[in-house]
Structure formats: structure tokens, C-alpha cells
Amino acid sequence: MSDADKTASSRAERSLAFMIAAVLGLSILSFIALIVGTAVGVRDFGEGLWPVIIFLPLVGLPLGLLLMIVLLIINMRRRLRDARGSR
């Protein structure tokens, strides 16, 4: 299959993929921050920036999963449309 035959991903698909990477990456970084904070001896996670760091994975991981499902649906619809058009 040559490069001309391959269909390019749309701007929406690329934007969605970057959003997924950012949300999941931020959630993983907050997990790591919690592990490091516990290892260094932080005992009071109720003040400062810690409540936000604790809250990020609770929202980010489900949001990342929903965005992945949306990206999968968009990609499947585009492939089906391309397959029907090539017949």
C-alpha cells in the first residue's frame, strides 16, 4: 500500500490523541508525586497542593478512558466510510 492510498487522520483525531496523552500523563505524574511524597515523609495531604494532586487521577483516568472510547468510535466510523466509498 503506497502513501497515497493510506488515509490521513483528521485534525479531530490528532487533537483527541494529544488530549488523551496529556490527561493520562498528568494522572500518572500525580500518582508518582503521591508515591514520592509518601516516601519523603509527607503526612498531611490535606493542605497545600496535595488535595489537587490527589484529585487529578480520580478525574483524569476516567476522562482518559472516555476520550479513548470516543477516539475509537471516530476512527471506526471513518474507516467504515472509507471502505464503503472504495467499493
Side-chain angles (χ1 to χ4, degrees):
M1 185 178 262
S2 69
D3 288 336
D5 293 337
K6 294 180 183 177
T7 58
S9 61
S10 68
R11 176 182 274 177
E13 289 175 354
R14 286 191 306 263
S15 298
L16 213 49
F18 283 118
M19 285 171 37
I20 292 168
V23 167
L24 293 179
L26 191 60
S27 295
I28 290 171
L29 285 176
S30 65
F31 270 131
I32 293 170
L34 283 171
I35 292 170
V36 169
T38 305
V40 230
V42 176
R43 298 287 175 236
D44 188 16
F45 288 104
E47 59 185 42
L49 197 58
W50 290 110
V52 175
I53 293 174
I54 291 172
F55 185 69
L56 280 174
L58 297 175
V59 173
L61 294 175
L63 181 64
L65 178 66
L66 288 175
L67 289 174
M68 277 195 256
I69 291 170
V70 168
L71 180 62
L72 181 66
I73 290 170
I74 289 173
N75 194 353
M76 287 173 38
R77 289 182 66 196
R78 180 181 52 88
R79 287 178 184 254
L80 283 172
R81 186 175 58 239
D82 290 347
R84 286 183 187 152
S86 65
R87 289 185 191 172

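Keep in mind that this is a model prediction, so the values were computed, not measured.
- In the hydrophobic cluster analysis, where Ile, Leu, Val, Met, Phe, Trp and Tyr join through side-chain heavy atoms closer than 4.5 angstrom, Leu63 is grouped together with Leu16.
- Of the inter-residue distances, the one linking Ile20 atom CD1 with Ser15 atom OG reads 11.0 Å to the nearest 0.5 angstrom.
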Donor-acceptor pairs under 3.5 angstrom involving side-chain atoms of residues 33-60: please list them, not counting sequence neighbours.
residue, atom, partner, partner atom, Å
Thr38, OG1, Leu34, O, 2.8
Asp44, OD1, Gly46, N, 3.3

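- Side-chain contact between Arg11 and Arg14 is present, with at least one heavy-atom pair separated by less than 4.5 Å.
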May I have the list of side-chain donor-acceptor pairs in residues 65-75 shorter than 3.5 Å, sequence neighbours left out?
residue, atom, partner, partner atom, Å
Asn75, OD1, Arg78, NH2, 3.0
Asn75, OD1, Arg79, NE, 3.2

